[in-house]
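Below you'll find the structure, written out as structure tokens, and then a few comments.
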Amino acid sequence: MKINLLSILLPVALCSLPGLVRAGDLPKVKVFSTGGTIQGSGATRDAIANYKPAIFTPKQLLDNLPEAAKIADLSCEEIAATGSGGIDTKIQLKLAKAINAWLAQSDTTGAVVTHGTATLEETAYFLNLTIHSDKPVVVVGSMRPHSAISRDGPLNLYNAIRTAANPEARDKGVLVLLNEEINAARDVTKTNTERVNTFESRDLGPIGFADSDRIVFYRKLLYRHTHKSEFDVSKLTELPKVDIVYGYQEGGRDAVDALIAAGAKGIVLDDNAPGFTAAVKDGREKGIVFVQSDRKGSGRVLESARSAERGVVTADNLNAQKARQLLRLALTKTSDPKEIQRIFDEY
Amino acid sequence: MKAIFVLVAFTSLAQIAAAQEIPKDPPPITSDSSHLPRVVLISMGGTIASRAPDRMNITNYGGKDQPKVDPQDWIHDLPELANIARITLEDFRPPTDRKERETMEDMREVAHRLNELANDPAVDGVVITHGTNTMAEVAFYVNLTVKTDKPIVFVGSQRPWTGISGDGPLNLYDAVRVAASPQARGKGVLHCMNQNINTARDVTKTSAYRVQTFKGVDVGAIGFADPDRIVFYREPTRKHTVSSEFAGMDFKSLPPVEVFYSYTEAPGYVIDAAVEHGVKGIVVDGVGAGVTTNSETEAIKRAQAKGVVVVITARVHGGRVQETVTRTTAKLVNGDNLPPEKARILLQFALTKTSDWREIKRYFDEY
């Protein structure tokens with residue numbers, strides 16, 4: 001079934017183009033796969049939304065993209081085969097360790113990561129904080145499965161490999177590449193459930209483009225990332241439990257209390273709710289760290305004397321799911337809100 | 001003639017004009033300001049320097065008979081400025097009785113003055129007010145010609161200084177904060193309105209009346225002037241100010257370059273006419289990804305035969321005009337993601353160095 005589909009959809013796979021340059025002369029890029037829609041397959045070509053993730057292997061994706069072998073010396077490593085919902089801390093740590101090991105080799109150029117799009121931004125930001133290299137790391141996904149008509153995956157993957165092989169992409173942190181746009185892992189978020197232009201950096205825009213004529217960058221990043229990060233996960237097998245509570249009218253403290261009872265060491269409050277004030281007061285007495293983010297999806301949470309007095313850390317313009325990633329890494333270092341505020345100001 | 005005023009001190013509270021959105025009880029002014037950064041505030045006029053007869057008038061202001069807002073008036077109405085910087089005022093408003101509202105000579109004069117201020121150890125940063133319509137291209141001109149890593153911040157407003165809920169006071173206050181901020185150094189010429197900090201190269205006006213009109217359409221803001229602090233997330237990679245080949249130079253005149261907008265059946269004869277007038281370069285703002293009509297294409301070839309350099313931009317105003325085999329064969333310079341009015345200025349400067357289209361393409365790749 002899978003093979004039939006391939007032979008119908010991907011005639012290009014059959015005509016492997018002879019490379020003009022020997023693979024040994026090309027930049028070495030490894031594709032680390034976790035699954036997602038980009039590796040997904042539906043029963044028919046028009047199954048755009050009804051499919052299973054992580055059906056195609058990374059090798060199959062690369063075999064179907066012989067053009068990529070002309071621009072990079074490619075290899076692949078399967079970290080997981082799941083959708084966004086299946087990505088957990090274990091997979092994230094395994095991924096960070098594998099990429100760090102790959103980039104530490106002197107003859108490697110860059111890394112590409114395939115990922116489901118729903119939580120892609122979280123893993124990308126996690127890597128932005130835990131990869132200790134200035135070599136390019138590009139996280140890629142697609143909105144349509146590999147089996148679909150007008151699938152966006154192959155061009156996204158090709159552009160991700162081009163970017164990972166490009167020297168100008170060094171020292172720009174972990175990058176997210178879909179739809180020809182190069183976004184910074186810290187700033188990008190998924191903004192639409194279905195469209196191919198779903199990834200946007202609402203506050204700051206992309207930092208470059210993977211255009212047909214060249215890869216072009218317009219921005220350098222000023223906050224700390226990758227090789228300037230203080231977080232080391234090389235010896236960790238788990239991370240402190242951090243959860244998110246959404247704020248809304250009449251929202252109470254039940255969720256906060258329940259999460260603390262379940263062992264949360266940190267809680268991200270996404271916007272405000274009437275019940276949060278008392279819950280924070282009690283939680284602080286137990287040493288729980290609270291971070292204030294905002295559900296509006298754009299703009300900074302401003303620092304204020306009132307927040308600092310309550311011992312609540314402000315999340316700058318990180319969204320709640322990214323604030324969670326940073327908070328659990330911060331908690332591996334300290335549980336002092338002042339020090340964690342310093343971390344939120346710098347990353 | 002440029003009048004220069006020096007702000008010494010303000011001891012009295014501002015007299016609050018009923019028309020204005022200025023706080024009634026401004027905070028006391030710091031008695032010791034000697035530690036504050038020194039910012040030069042240059043007026044090139046604009047809506048931010050305009051008055052209307054009543055405060056509900058936010059679109060039909062200015063005009064010959066209406067008194068203007070002089071630079072001293074800003075200081076008078078916004079005494080809080082004295083808490084964030086030691087401000088010196090300079091007036092570079094074009095004369096009102098002149099035929100043209102603004103000329104390239106006005107840009108040259110202000111750039112010349114900015115190069116002087118760049119070398120003045122008693123200046124930490126500069127704020128320039130300007131009308132919003134052509135502000136982005138003036139900022140880009142300055143970005144290419146002023147040799148400094150001191151902050152230079154362009155600011156304006158969408159509503160007149162006297163308008164209800166006027167955006168001018170906060171914009172001006174924020175622009176001075178940015179100019180006084182050491183973090184703003186070395187990032188090229190900046191633009192600050194609506195609390196967003198954009199770069200001169202990338203910012204453009206996107207709405208006729210809204211206060212959020214200025215945006216970096218392709219690549220966004222690089223920071224914010226938020227109430228708690230000035231915050232920068234990014235800096236531009238393209239050449240500017242200290243790394244510009246044109247920085248510190250004073251161009252008495254620039255080679256003439258004109259812009260042509262493309263559309264269905266856009267004729268080539270207007271291009272011929274410009275070549276007849278002696279232009280050295282043309283920018284064609286093509287449809288889609290930078291496509292011209294056949295009539296324009298033929299006129300472009302005739303122009304190139306006379307040594308005119310041609311840059312292609314895209315009227316969609318988002319995305320780059322790319323290098324393609326077709327363009328390279330036709331010796332057309334791809335204008336990257338510059339809008340035509342900025343491509344025109346870069347082409348004018350590039351033509352002072354060379355008329356080789358390949359070398360000019362390099363300028364468009366690097367700036």
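Letters A, B, ... mirror the listed sequences (proteins, then strands); counts begin at 1. Computed from a predicted structure; not experimentally measured.
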Between B:Thr199, B:Thr324, B:Asn334, who has the most heavy-atom pairs with chain A when the cutoff is under 4.5 Å?
B:Thr199
Checked A:Asp213, A:Ile207, A:Val216 vs chain B; the most non-hydrogen pairs under 4.5 Å come from A:Asp213
NZ/NE/NH1/NH2 to OD/OE distance under 4.0 Å, A:Arg300 and B:Asp226
yes
Is a side-chain donor-acceptor pair under 3.5 Å present for B:Lys205 with B:Thr132?
yes
Toward chain B: residues of residues 192-206 of chain A with heavy atoms under 4.5 Å:
A:Ser201, A:Asp203, A:Leu204, A:Gly205, A:Pro206
Quick one: CG on A:Leu129 to NZ on A:Lys322, what's the gap to the nearest 0.5 Å?
10.0 Å
If you measure only the distance, is there a donor-acceptor pair under 3.5 Å linking the side chains of B:Ser157 and B:Asn171?
no
Which atoms of B:Asp218 come close to chain A, meaning under 4.5 Å heavy atom to heavy atom: side chain ones, backbone ones, both, or neither?
both
Who are the ring-ring contact (aromatic ring centres under 6.0 Å, His included) partners of B:Phe214, not counting sequence neighbours?
B:His191
Interchain contact, B:Phe224 with chain A, by part (heavy-atom threshold 4.5 Å):
side chain
When the 4.5 angstrom heavy-atom criterion is applied to A:Phe209 and chain B, the contacting part is side chain
Under 30°, 30 to 60°, or over 60°: which ring-plane class applies to A:Tyr347 and A:Phe231, parallel, tilted or perpendicular?
tilted
Kindly confirm or rule out a cation-pi arrangement of A:Arg186 over A:Tyr223, judged by NZ or CZ under 6.0 Å from the six-membered ring centre and within 45° of its axis?
yes
Relative to chain A, which segment of B:Asn196 carries a heavy atom at a distance below 4.5 Å: side chain, backbone, both, or neither?
neither
Looking at B:Pro227, B:Gly220, B:Gly319, which makes the most heavy-atom pairs under 4.5 Å with chain A?
B:Gly220
Applying a heavy-atom distance below 4.5 Å, give me the residues of residues 301-308 of chain A that approach chain B, sorted by number.
A:Leu302, A:Glu303
Any luck finding a side-chain donor-acceptor pair between A:Thr163 and A:Asn166 under 3.5 Å?
no
Do NZ/NE/NH1/NH2 and the carboxylate oxygens of B:Lys331 and B:Asp356 come within less than 4.0 Å?
no
Does B:Thr206 offer a backbone N or O that forms a donor-acceptor pair with the side chain of B:Thr213 under 3.5 Å?
yes
Is any side-chain heavy atom of B:Tyr363 closer than 4.5 Å to one of B:Thr354?
yes
Just checking, is any N or O donor in the side chain of A:Thr314 or A:Gln341 under 3.5 Å from an acceptor N or O on the other one?
yes
With side chains defined as the heavy atoms from C-beta onward, is the minimum distance between A:Arg219 and B:Asp202 less than 4.5 Å?
yes
Strictly less than 4.5 Å between heavy atoms, which residues of residues 131-139 of chain A line up against chain B? Please order them by number.
none
Tell me, side chain or backbone of B:Arg201 under 4.5 Å from chain A's heavy atoms, or both, or neither?
side chain
Would you say A:Thr119's side chain and A:Glu122's backbone share a donor-acceptor pair under 3.5 angstrom?
no
Polar contact flag, side-chain donor to acceptor under 3.5 angstrom, B:Lys215-B:Asn198:
no
Inspect the contact between A:Asp211 and B:Arg320 and indicate whether a charged nitrogen and a carboxylate oxygen are less than 4.0 angstrom apart.
yes
Between A:Thr334 and A:Ile340, is the side-chain contact (heavy atoms from CB on, under 4.5 Å) condition met? List the steps.
CA-CA 7 Å; A:Thr334 177; A:Ile340 292 178; 3.8 Å; yes
